[in-house]
Structure formats: C-alpha cells, structure tokens
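Everything below concerns the one structure shown next.
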Amino acid sequence: MHELGIVEDALEIAFEHARRVDAERIHRVTMRIGAISGVAPDALRFAFDVATRETMAEGSAFEVELVPVRCRCVECESEFAPDGLFYECPACRTLSADILAGREIELTSLEVS
C-alpha cells in the first residue's frame with residue numbers, strides 16, 4: 001500500500017506549511033489524483049485517516065479530486081478523453097501516447113487555523 005507513503009509525504013508538506021503560518025489545526029486537505037496515477041482513492045482516504053491520528057490534522061476533511069485522462073493526438077493534434085484502454089484518437093484513429101492529464105498526484109489546498 002504505497003498510498004500511506006503518498007499521504008505521509010503530503011502531510012509533511014501540510015505540517016510544514018501550518019508551522020510556517022503558526023497554525024494550530026489543519027481543517028481540510030485536498031489532493032488531485034490522476035486516473036492512471038496508480039493510486040487507489042479509497043486506500044488513500046484510509047491511509048489519511050491512519051496517518052493523521054494524534055496530529056494537528058486528526059479529524060480534518062480529506063477531499064480527493066479525480067483527474068480523468070486527457071490525450072493529444074500525435075497525428076492531428078486533437079485533444080480527447082480516451083474511451084478505453086487504448087488511447088485512440090476519435091478524429092483520425094491514431095493511437096496516441098501523448099498524455100496531457102491523468103498522472104497527477106498533487107496536494108492542491110489546505111485549510112488551517
């Protein structure tokens with residue numbers, strides 16, 4: 001379960017930010033997770049609950065924004081959302097490996113006080 005390590009890294013950034021602004025509590029943490037990032041959102045939420053115990057983030061809200069896969073066709077340069085496992089351009093039927101979005105693992109926002 002690599003999700004625990006991802007959450008621990010995100011929380012380290014969150015705690016550092018909270019200390020810099022003299023915050024005592026973290027109320028909300030939001031992350032963006034790409035559809036092909038290899039991260040299971042439910043496992044991430046479970047890891048967040050475990051990793052925040054007895055910390056300034058215990059009991060905080062945890063939101064995960066799922067980012068769908070977006071590609072650009074290498075042939076006709078159309079942007080599209082793939083329909084299945086093969087990233088085929090719907091305009092010209094070229095298989096594309098130019099992935100624009102969907103691999104993200106990002107801590108995007110914090111609410112602290």
Side-chain angles (χ1 to χ4, degrees):
M1 183 166 121
H2 68 285
E3 284 80 359
L4 182 58
I6 292 167
V7 165
E8 288 174 338
D9 289 347
L11 285 172
E12 187 174 312
I13 294 167
F15 295 149
E16 176 62 29
H17 174 77
R19 282 190 291 271
R20 266 191 277 133
V21 298
D22 292 325
E24 296 177 4
R25 296 270 314 141
I26 295 173
H27 299 281
R28 181 178 307 274
V29 175
T30 306
M31 294 186 72
R32 295 181 77 219
I33 303 298
I36 57 172
S37 65
V39 175
D42 287 342
L44 199 67
R45 288 182 183 95
F46 177 76
F48 183 83
D49 288 341
V50 170
T52 56
R53 288 184 189 149
E54 299 181 15
T55 70
M56 66 171 28
E58 184 171 16
S60 62
F62 182 61
E63 295 179 0
V64 175
E65 178 187 343
L66 296 175
V67 180
V69 177
R70 294 277 316 155
C71 296
R72 178 182 303 124
C73 178
V74 294
E75 193 65 34
C76 71
E77 298 188 6
S78 296
E79 290 188 16
F80 63 97
D83 201 18
L85 292 177
F86 299 103
Y87 298 167
E88 182 183 64
C89 174
C92 71
R93 302 293 181 211
T94 299
L95 292 178
S96 179
D98 190 6
I99 299 170
L100 302 174
R103 294 180 173 152
E104 297 85 346
I105 302 174
E106 303 172 327
L107 173 64
T108 55
S109 70
L110 298 170
E111 287 181 22
V112 299
S113 65

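Position 1 is the first residue of the sequence; numbering continues from there.
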Interatomic spacing from CZ in Arg70 to CD1 in Ile99 - rounded to 0.5 Å: 12.5 Å
Under-4.0 Å salt bridge between Glu58 and Arg53: no
Less than 4.5 Å apart, side chain to side chain, heavy atoms only: is that true for Ser113 and His27? yes
Tyr87 and Cys71: which non-hydrogen atoms are nearest, and at how many Å? CD1-SG, 3.7 Å
Between Leu66 and Pro41, is any pair of side-chain heavy atoms under 4.5 Å apart? yes
Looking only at heavy atoms, which two atoms of Arg45 and Val64 are closest? And how far apart? NH2-CB, 3.6 Å
Could you see if Leu95 belongs to whatever hydrophobic cluster contains Val69? Use Ile, Leu, Val, Met, Phe, Trp, Tyr and a side-chain cutoff under 4.5 Å. no
Is there a path of hydrophobic side-chain contacts, each under 4.5 Å between heavy atoms, that joins Ile13 and Ile6? yes
Using side-chain heavy atoms (C-beta onward) and a distance below 4.5 Å, is Val112 in contact with Arg25? no
To the nearest 0.5 Å, what is the distance between CZ on Arg103 and CD1 on Ile33? 15.0 Å
Any side-chain heavy atom of Arg72 within less than 4.5 Å of one from Phe80? no
With heavy-atom distances below 4.5 Å as the criterion, would you say the side chains of Phe46 and Leu4 are in contact? no
I want to check something: taking the side chain as every heavy atom from C-beta on, are Cys92 and Ser78 in contact at a cut-off of under 4.5 Å? no
Side chain to side chain, Ile105 and Met31, heavy atoms closer than 4.5 Å: yes
Flag yes if Phe86 and Ile36 sit in one hydrophobic cluster, no otherwise; membership is Ile, Leu, Val, Met, Phe, Trp, Tyr, and two members link when side-chain heavy atoms are under 4.5 Å apart. no
Name all residues meeting the side-chain hydrogen bond (donor to acceptor under 3.5 Å, both in side chains) criterion together with Glu63; count only those two or more places apart in sequence or in a different chain, and write none if there are none. Arg28
Side chains of Cys73 and Thr94, heavy atoms from C-beta outward: is any pair under 4.5 Å? yes
Count the heavy atoms belonging to other residues, nucleotides or ligands that lie under 6.0 Å from CD of Glu106, then report whether that count exceeds 12. yes
Hydrophobic clusters here meaning ILVMFWY residues chained together by side-chain heavy-atom distances under 4.5 Å, can you tell me if Leu44 and Val67 are in one? no
Between Glu12 (side chain) and Ala10 (backbone), is there a donor-acceptor pair under 3.5 Å? no
Contacts of Ala57 that satisfy side-chain contact (heavy atoms from CB on, under 4.5 Å) - sequence neighbours left out: Leu11, Phe15, Ile26, Thr52, Thr55, Ser60
Should we count CD of Glu16 as having more than 12 external heavy atoms under 6.0 Å? yes
Step through the shown structure and confirm whether more than 12 heavy atoms of other residues, nucleotides or ligands are within 6.0 Å of CD on Glu111. yes
To the closest 0.5 Å, what do you measure between NE2 (His17) and CG (Leu107)? 9.5 Å
